[in-house]
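Comments concern the structure below.
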Amino acid sequence: MNTLTTERPIEQQAIGQIAVDLPGATAIFRRLKLDFCCGGQVSLGEACERKGLDTARVVAELAALRRDDAAPETPDANALIDHILTRYHAVHREQLPELVRMARRVEAVHSDHPDAPHGLAEHLEIMEVELLEHMEKEEQVLFPAIEGGGSGLQGPITVMRDEHIGHGEHLERLAALTHDHTPPQGACNTWRALYAGTAQLTNDLISHIHLENNVLFPRFGA
């Protein structure tokens with residue numbers, strides 16, 4: 001990857017726009033103390049130069065955020081589980097803390113704005129707790145049983161399906177709180193990046209649930 005939304009190399013693109021276009025970039029920028037909000041009009045290369053950072057290394061970190069959504073072709077169950085773990089479980093664990101942090105900031109800084117997403121941080125925290133618990137059950141109980149060729153999987157799979165319904169309800173609430181992930185006109189870069197991130201979380205979680213409900217679980221009579 002060397003471009004986002006334009007034909008220009010990423011190092012020539014405005015850091016604020018990169019934060020909006022590439023979910024997960026805000027965590028990198030925050031760690032490196034690169035100001036993508038108030039100073040978001042500066043190019044990535046110039047921002048790195050001002051901080052004495054190796055631009056190539058920063059570009060490489062950003063490139064790693066581009067993830068392959070394609071599941072293995074005609075995968076066996078173990079390969080599919082590996083894909084779910086790396087593409088979705090690991091990514092959700094990265095996504096949610098950063099989204100909570102940004103939501104808290106937006107709610108605080110823009111508390112008087114009529115479109116401020118009051119309650120968004122709390123809702124994301126609830127999603128994080130429930131999703132972490134759900135993934136832990138899969139990683140500690142269901143997936144090892146599947147990989148071990150175990151029987152009697154109908155019960156655990158039914159529980160996971162039921163919890164997926166709850167995740168779907170959370171996504172509906174998330175869409176309502178964010179006006180379908182659409183920031184208001186004139187929103188700051190943090191607000192725009194937040195909603196880009198909630199949209200990405202929604203897409204990822206839907207794909208995650210689809211792979212389990214419609215591809216993995218039916219192989220075991222569930």
Side-chain angles (χ1 to χ4, degrees), residues 19-27 65 67 69-71 80-81 83-139 142-143 155-218 222:
V20 173
D21 290 341
L22 186 58
T26 58
L65 296 175
R67 300 180 176 97
D69 290 333
L80 188 56
I81 286 172
H83 176 72
I84 290 170
L85 291 174
T86 57
R87 175 58 185 87
Y88 297 108
H89 284 210
V91 172
H92 293 329
R93 288 186 169 103
E94 294 176 0
Q95 289 170 317
L96 282 156
E98 180 66 8
L99 291 176
V100 169
R101 187 199 68 80
M102 285 195 290
R104 286 178 181 153
R105 179 172 177 79
V106 170
E107 287 184 59
V109 173
H110 303 285
S111 60
D112 295 334
H113 195 289
D115 292 324
H118 296 297
L120 178 58
E122 181 180 7
H123 182 65
L124 287 167
E125 287 175 330
I126 292 170
M127 289 186 67
E128 181 179 22
V129 169
E130 293 191 6
L131 193 54
L132 288 176
E133 290 177 351
H134 176 85
M135 294 189 298
E136 189 74 13
K137 292 175 191 174
E138 290 183 335
E139 292 166 6
L142 180 58
F143 290 169
I157 288 176
T158 298
V159 172
M160 295 299 99
R161 284 188 182 275
D162 288 343
E163 292 186 3
H164 287 168
I165 293 173
H167 299 327
E169 292 170 350
H170 284 319
L171 290 179
E172 291 179 3
R173 175 62 176 158
L174 185 61
L177 286 167
T178 60
H179 301 283
D180 285 325
H181 316 286
T182 306
Q185 186 174 4
C188 70
N189 288 333
T190 299
W191 201 337
R192 294 167 64 211
L194 169 63
Y195 283 8
T198 59
Q200 183 67 58
L201 171 65
T202 297
N203 291 336
D204 283 351
L205 189 50
I206 289 172
S207 297
H208 177 184
I209 291 171
H210 159 70
L211 278 180
E212 294 184 353
N213 279 0
N214 302 324
V215 181
L216 179 63
F217 295 166

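As a basis for the values below, the full set of heavy atoms in this structure was taken, side chains included, without hydrogen atoms, waters or symmetry mates. In this chain, numbering begins with 1 at the start of the sequence shown.
Here Arg192 pairs with Gln17, Asn189 under the side chain to side chain donor-acceptor pair (under 3.5 Å) rule; sequence neighbours left out. Among residues two or more places apart in sequence or in another chain, the ring pair (Phe, Tyr, Trp, His ring centres under 6.0 Å) test is passed with His113 by Trp191. Qualifying side chain to side chain donor-acceptor pair (under 3.5 Å) partners for His123, counting only residues two or more places apart in sequence or in other chains: none. For His83, the side chain to side chain donor-acceptor pair (under 3.5 Å) test picks out no residue, with sequence neighbours left out. Every ring pair (Phe, Tyr, Trp, His ring centres under 6.0 Å) that His92 has, sequence neighbours left out, goes to His208. Applying the side chain to side chain contact (heavy atoms under 4.5 Å, CB included) rule to Leu65 yields the partners Leu22, Ala25, Ile28, Leu62, Arg67; only residues at least two apart in sequence or on another chain are considered. Every side chain to side chain donor-acceptor pair (under 3.5 Å) that His210 has, sequence neighbours left out, goes to Asn214.
Taken from CZ in Arg101 to CG in Leu124, the straight-line distance is 12.5 Å, to the nearest 0.5 Å. Rounding to the nearest 0.5 angstrom, the gap separating the NE2 atom in His110 from the OG1 atom in Thr190 is 7.0 Å. If you take CZ on Phe143 and NE2 on His89, they are separated by 4.5 Å, rounding to the nearest 0.5 Å. We find the CD1-CG distance between Ile165 and Asn213 to be 8.5 Å, quoted to the nearest 0.5 Å. Interatomic distance, CD1 of Ile81 versus CG of Leu142, reported as 7.0 Å (0.5 Å rounding). The CD1 atom of Ile157 sits 7.5 Å away from atom CZ of Arg161, with the distance rounded to the nearest 0.5 Å.
Annotation: salt bridge (Lys or Arg N to Asp or Glu O under 4.0 Å) contacts involving residues 197-217, sequence neighbours excluded, comprise Arg87-Asp204. Applying the salt bridge (Lys or Arg N to Asp or Glu O under 4.0 Å) test to pairs two or more places apart or on separate chains, none has a residue in residues 174-191. Residue pairs satisfying the salt bridge (Lys or Arg N to Asp or Glu O under 4.0 Å) criterion with at least one member in residues 104-116, sequence neighbours excluded, are listed as follows: Arg104-Glu125.
Contact of the Glu138 side chain with the Pro156 side chain is not registered, since no non-hydrogen atoms from C-beta on lie closer than 4.5 Å. Side-chain contact between Leu216 and Leu211 is absent, with no heavy-atom pair separated by less than 4.5 Å. With contacts defined as side-chain heavy-atom distances shorter than 4.5 Å, the pair Val106/Tyr195 does not qualify. No side-chain heavy atom of Glu163 sits under 4.5 Å from any side-chain heavy atom of Glu133. At a threshold of 4.5 Å between non-hydrogen side-chain atoms, the residues Leu177 and Thr198 do not count as touching.
Checked by atom type and distance alone, the side chain of His134 never pairs as donor or acceptor with a backbone atom of Met160 at under 3.5 Å.
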Would you mind writing out the side-chain donor-acceptor pairs for residues 167-174 within the sub-3.5 Å range, not counting sequence neighbours?
unit_1 : atom_1 : unit_2 : atom_2 : d
His170 : NE2    : Glu130 : OE1    : 2.8

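For Glu122, the CD atom sits in a loose shell: 12 or fewer heavy atoms of surrounding residues, nucleotides or ligands are nearer than 6.0 Å.
Minimum interatomic distance between Ala193 and Ala19 (heavy atoms only, all atoms of both residues): CB-O, 3.5 Å.
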